Protein chains: 2
Amino acid sequence: MINIQRPSARQNQLLARQSQLLNTLPSTEPSARQNQLLNALPSIEYERLLPHLELVQMNCGDILYEPGEKLHFVYFPTDCIVSQLHAIKDGGSSEVAVIGNEGAIGITLFMGGGTMTNRALVQSAGYAYRIRQPLFMQEFDRHDALLHLLLRYTQALIAQMAQTAVCNRHHSVGQQLCRRLLLSIDRLPSNELTMTQELIANMLGVRREGVTEAAGKLQQAGLIHYSRGHIKVLDRPGLEARVCECYHVVKNEFDRLLH
Amino acid sequence: MINIQRPSARQNQLLARQSQLLNTLPSTEPSARQNQLLNALPSIEYERLLPHLELVQMNCGDILYEPGEKLHFVYFPTDCIVSQLHAIKDGGSSEVAVIGNEGAIGITLFMGGGTMTNRALVQSAGYAYRIRQPLFMQEFDRHDALLHLLLRYTQALIAQMAQTAVCNRHHSVGQQLCRRLLLSIDRLPSNELTMTQELIANMLGVRREGVTEAAGKLQQAGLIHYSRGHIKVLDRPGLEARVCECYHVVKNEFDRLLH
DNA sequence: CATTATCTGTACGGTATCACACATTATCCA
DNA sequence: TGGATAATGTGTGATACCGTACAGATAATG
């Protein structure tokens, strides 16, 4: 197993900090079947891919790629969460997609672009399986199931991005906070997250104070409990009642395309 | 040649109105080579596709597909503009992508999803070539050039959507108006557009009054001239100086991926 | 235990956008 | 030509979010 190393200097201290908070990795190593895409492959193709898959530990704050940077692996998370962040010149940024065990990081490899215009950042520690580009492309070109599965997945990702664009325009910080919380706990085994309000603000592209206020309301309503970077979801139905439609639209589209 | 018919009732009167304004179609029929994707194909594959391509007239307000609706053609615009609109329940909407002769409508067909979650609407009249799904898939599966070209195009489209999400969060109506105007004239032969402020407001997902104000400033600055649905761009460099970076980022990504 | 760093709460004025209402002007068409 | 329709201009108050500043509170560290 490999631990991804990156010069951590370029990333905000936020994440360095956060990685100290939560590196409680599960003691048992996961199986590649825990990634839903890999799991959706027919046995024969899964078996053929398996020897090329390498288990890697994903730590909070790890950067899988930067804008314009070549990526050499496709990653299939089993229990970590990665977010695709799009940054602008003045320092602002927004998350355009959240990826967990339902998906893969590195679509640019099979889409043919070579690089992306955004950054992939590990939000929540865990494991992923990865495969080297040449090996992957070999398998990708050889059989249809992998190709068509990944293309459908990419379309689901497109739906997520489009919905994010609309959501950014039309919905309030409070609603988007709900959406973001649900997106995270959907991809985690427990109902506890480890992210500071400042980090959430970065994801949503809003002020930290805005998140404080919105989170305060959710806590007052008894939907969540948070304290210094630890958020516990107490009432999931309550969150779903407050979230904007965007959450369900995207979720339905993922289900439709991948099940 | 075929004229796309749709029950126009479902669409705002805006577009019905607009289609009256601008149906000044060019008198000479275009060539499929005017679509940049088709033009990028090697001759052999282009020739093989050609007999299946059917010229259709695209009128303002035509709807190519609605959310969840099956699409039976892939469209390759030569000189029309189509926008992908994402709507939400309360009636609000935002444009997530603009497609002209650099692209294609109907990626869902080769991505394998069958349907999209948004609507494709003709914004500016013109022509497109289209090909029926079974014929298209036949060609698509047969040779690599078409597949890889369309996948790279799809990645460019993804970049556009991601940037739209960020832009919606961080940039002002004025900047977004500039972006939208540039996107349009890039895809048209002249520097004149035919769209009312209300229609632009629909695209951007903002109020009509907001567009009036922003457009007023641009006119005062001598960058554009507009009058009742006709907009003439007088100073393109001026617009580029005001537009947010999003415009250039997306443009560069298209160039990188498709040239 | 004391210190420091980090996280969260709060408060203030400023600004962009909204929602609504209505006036004005240009174009269309009977 | 005149009335209807469509497009644009303007105004007013509300609201959500921003930028900034700073004050607790909690955890990490030596």
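FYI, side chains are in, hydrogens and waters are out, and symmetry mates aren't considered; it's all heavy atoms of this structure. Not measured: the values here are computed from a predicted model.
For the pair B/Arg207 and A/Gly205, both in contact range of DNA chain D, the more 5′-proximal nearest nucleotide belongs to B/Arg207.
A cation-pi contact, defined as under 6.0 Å to the ring centre and within 45° of the axis, links A/Arg130 to A/Phe73.
Under 3.5 Å, the side chain of B/Arg228 and the base of D/dA6 form at least one donor-acceptor pair of N or O atoms. No N or O donor and acceptor, one from the side chain of B/Arg208 and one from the base of D/dA7, sit under 3.5 Å apart.
Comparing C/dT27, D/dC17, C/dT8 by their nearest atom to the side chain of B/Ser227 picks out C/dT27. Listed candidates were C/dT10, C/dC7, D/dG11. Nearest to the side chain of B/Glu209 is D/dG11. The B/Thr212 side chain lies nearest to D/dT8 when the options are C/dA26, D/dG11, D/dT8.
With a 3.5 Å ceiling on both atom-pair distances, the Watson-Crick or G-U wobble partner of D/dA14 is C/dT17.
Nucleic acid contact for A/Glu213: none, since no nucleic acid atom lies under 4.0 Å from a heavy atom of the residue.
Side-chain N or O atoms of A/Gln175 include one that pairs as donor or acceptor with a backbone N or O of A/Ser172 at under 3.5 Å.
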Next item on the list: Test side-chain hydrogen bond (donor to acceptor under 3.5 Å, both in side chains) on B/Asn101 and B/Tyr127 and set out the steps.
Entry: CA-CA 10 Å; B/Asn101 75 350; B/Tyr127 292 95; over 6 Å; no
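Under 4.0 angstrom from either OP1 or OP2 of D/dG9 there lies at least one side-chain N or O belonging to B/Tyr226. Between B/Gln197 and D/dG9 there is a side-chain N or O to OP1 or OP2 distance below 4.0 Å.
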